[in-house]
Amino acid sequence: MSVFTPLQRDELEDFLAPYGLGRLRSFEGIAAGSENSNFFVSLEQGEYVLTLIERGPSEDLPFFIELLELLHRHGLPVPYALRTDRGEALRTLAEKPAMLQPRLPGKHVASPNAHHCAEVGRLLARLHLATREQVIERRSDRGLDWMQEEGPSLAMTLPEDQLPLLRYGLAEIAELKPKILALPRANLHADLFRDNVLFEGSHLTGVIDFYNACSGPMLYDIAITVNDWCSHPNGELDEDRSEALLAGYSSLRHFTPAEAELWRPMLRVACVRFWLSRLIAAQKFAGQPVLVKDPEEFRRLLGGRQHCRSALPFAF
């Protein structure tokens with residue numbers, strides 16, 4: 001179970017009292033987390049999610065609270081931080097920064113179809129449109145600079161036959177970095193995988209886990225999302241699903257010529273990012289009872305993106 005900091009009932013009851021949401025009925029750790037400790041919390045007045053922040057500098061937490069409140073005001077289904085009777089959104093529990101948020105309805109979709117992907121595309125466009133005119137600045141701690149810094153040392157841990165793929169990916173990032181940084185910007189989710197989106201039937205009901213959110217090129221966020229939602233197990237892109245997601249997105253925000261030019265390379269950049277971060281996690285948590293996602297998945301995806309034919313619709 002990926003709960004890094006276990007909780008006792010009495011300390012949790014003390015933490016929850018200032019929210020005025022009634023008595024604690026039950027709580028349980030959420031096994032799906034890979035970076036923070038998360039708990040489902042049932043109170044008399046409803047269902048909630050408690051998050052203990054385990055990774056990242058605490059000075060970034062006001063950014064997440066501000067971003068989620070902004071998205072909530074724009075009508076997006078996000079888990080904004082609840083406030084206590086003293087107006088506190090960010091507090092401390094078990095010596096960790098902690099936030100209580102509403103539990104959103106719905107379930108994850110393991111095998112999405114084109115309709116699911118179109119819904120995700122529209123949601124991502126709404127997120128970008130809500131923030132692009134006044135971006136809340138936060139530099140990603142796993143952005144292009146991080147990839148260039150971590151990539152060479154991680155390459156040395158790979159089998160010989162995998163080295164050329166990663167080295168090519170890192171060289172492409174170095175070459176295209178100025179163009180990437182000049183692309184249209186907004187706030188990004190930056191981790192919009194299937195396990196961070198909730199559906200009830202065909203209706204998208206929630207987007208969770210914004211702890212990789214940052215400011216940056218909108219195209220990067222789209223590439224991260226397409227790679228997870230629109231790929232076959234062998235790493236190849238599913239054209240029907242990717243076209244549906246991109247069409248859903250572009251129905252709300254049109255792509256630019258510069259984005260069209262960098263679309264296929266950006267798919268590869270997004271693969272490099274998650275290949276590297278999963279390699280680090282696999283090394284760090286080897287042999288521990290923590291959910292570690294398979295780095296091999298993104299090696300396959302990066303290989304499958306070398307000759308990808310995907311194109312952005314209606315770029316002008």
Side-chain angles (χ1 to χ4, degrees), residues 34-36 54-57 60 137-183 185 188-193 196 209 211-231 233-237 258-259 261-288 290-308 310:
S34 60
E35 294 182 333
N36 297 314
E54 306 280 357
R55 184 182 72 84
D60 285 341
E137 295 294 342
R138 178 187 182 253
R139 182 181 179 184
S140 172
D141 59 359
R142 294 191 173 176
L144 300 178
D145 291 340
W146 174 85
M147 296 180 217
Q148 292 179 295
E149 291 167 3
E150 296 291 336
S153 59
L154 285 167
M156 301 305 295
T157 69
L158 294 175
E160 189 71 26
D161 62 340
Q162 296 183 14
L163 284 176
L165 185 62
L166 181 54
R167 285 174 176 165
Y168 173 81
L170 294 172
E172 186 173 40
I173 289 170
E175 176 186 354
L176 296 177
K177 184 177 178 180
K179 290 185 175 181
I180 292 172
L181 295 178
L183 290 172
R185 302 172 75 253
L188 318 180
H189 185 284
D191 193 25
L192 198 60
F193 282 42
N196 286 331
D209 196 354
Y211 299 108
N212 285 292
C214 58
S215 51
M218 291 180 275
L219 191 69
Y220 178 55
D221 215 9
I222 303 163
I224 290 171
T225 307
V226 166
N227 277 337
D228 183 70
W229 284 83
C230 309
S231 294
N234 66 358
E236 293 181 1
L237 197 66
E259 289 175 318
E261 177 189 352
L262 291 178
W263 172 236
R264 295 174 192 174
M266 190 66 86
L267 287 167
R268 295 191 287 270
V269 171
C271 290
V272 171
R273 179 264 189 257
F274 284 95
W275 189 12
L276 294 179
S277 61
R278 289 188 178 187
L279 286 170
I280 291 174
Q283 294 173 6
K284 180 178 180 181
F285 298 116
Q288 299 183 37
V290 174
L291 175 66
V292 176
K293 296 181 179 180
D294 185 7
E296 177 67 12
E297 177 184 358
F298 274 92
R299 186 200 65 79
R300 290 194 302 269
L301 288 176
L302 182 56
R305 298 298 176 269
Q306 300 308 304
H307 305 289
C308 174
S310 178

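From Asn227, atom CG reaches atom CE of Met266 across 11.0 Å, with rounding to the nearest 0.5 Å. How far OG1 of Thr225 is from CG of Asp191: 9.0 Å, rounded to the nearest 0.5 Å. Between Asn234 atom CG and Arg300 atom CZ the span is 8.5 Å, to the nearest 0.5 Å. For the atom pair Ile280 CD1 and Ser153 OG, the distance stands at 7.5 Å (nearest 0.5 Å). Taken to the nearest 0.5 Å, the CG atom of Leu279 stands 5.5 Å off from the OG1 atom of Thr157. With values rounded to the nearest 0.5 angstrom, His189 atom NE2 is found 6.0 Å from Asp209 atom CG.
By the 4.0 Å N-to-carboxylate-O rule, Glu261 lies close enough to Lys179 to be salt-bridged with it. Of the charged side-chain nitrogens involved, none lies within less than 4.0 Å of a carboxylate oxygen, so that Arg278 and Asp294 do not count as a salt-bridged pair.
With contacts defined as side-chain heavy-atom distances shorter than 4.5 Å, the pair Arg264/Gln306 does not qualify. Put simply, the side chain of Ile180 does not reach to within 4.5 Å of the side chain of Tyr220, judged on heavy atoms. Side-chain contact between Leu302 and Val272 is present, with heavy atoms from C-beta onward closer than 4.5 Å.
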inquiry  = Please determine whether side chain to side chain contact (heavy atoms under 4.5 Å, CB included) holds for the pair Trp263 and Val226, giving the CA-CA distance in whole Å, both sets of side-chain angles, and the decisive distance to 0.1 Å.
reply    = CA-CA 11 Å; Trp263 172 236; Val226 166; 3.9 Å; yes

inquiry  = Does Ile224 form a side chain to side chain contact (heavy atoms under 4.5 Å, CB included) with Phe274? I'd like the steps, not just the answer.
reply    = CA-CA 9 Å; Ile224 290 171; Phe274 284 95; 3.7 Å; yes

inquiry  = The test is side chain to side chain contact (heavy atoms under 4.5 Å, CB included); show your working for Leu301 and Glu236 and say whether it passes.
reply    = CA-CA 7 Å; Leu301 288 176; Glu236 293 181 1; over 6 Å; no

query = Which is it for Leu144 and Val269 under the side chain to side chain contact (heavy atoms under 4.5 Å, CB included) test, yes or no, and what are the steps along the way?
reply = CA-CA 9 Å; Leu144 300 178; Val269 171; 3.8 Å; yes

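A donor-acceptor pair is defined here as one N or O able to donate and one able to accept, closer than 3.5 Å; such a pair exists between the side chain of Asp221 and the backbone of Ala190. Proximity of a side-chain donor or acceptor of Glu297 to a complementary backbone N or O of Lys293 within less than 3.5 Å is not detected. For the pair Arg185 (side chain) and Met218 (backbone), a donor-acceptor distance under 3.5 Å is absent.
Across Phe193 and Phe298, no two heavy atoms sit closer than the pair CZ-CZ, 3.6 Å. The two atoms that bring Ser231 and Leu237 nearest to each other are OG-CD1, 4.4 Å, heavy atoms only. Across every non-hydrogen atom of Glu137 and Ser215, the tightest pair is OE1-OG, 2.9 Å. Scanning all heavy atoms of the two residues, the minimum distance from Leu267 to Cys308 falls at CD1-SG, 4.0 Å.
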Report all side-chain donor-acceptor pairs from residues 161-174 shorter than 3.5 Å, counting only partners two or more places apart or in another chain.
from: Glu172; atom 1: OE1; to: Arg268; atom 2: NE; distance (Å): 2.9
from: Glu172; atom 1: OE2; to: Arg268; atom 2: NE; distance (Å): 3.3
from: Glu172; atom 1: OE2; to: Arg268; atom 2: NH2; distance (Å): 2.7

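The side chain to side chain contact (heavy atoms under 4.5 Å, CB included) check on Ala182 picks up nothing, with sequence neighbours excluded. Applying the side chain to side chain contact (heavy atoms under 4.5 Å, CB included) criterion to Arg142, with sequence neighbours excluded, gives Glu35, Arg55, Ser140, Trp146, Arg273, Ser277.
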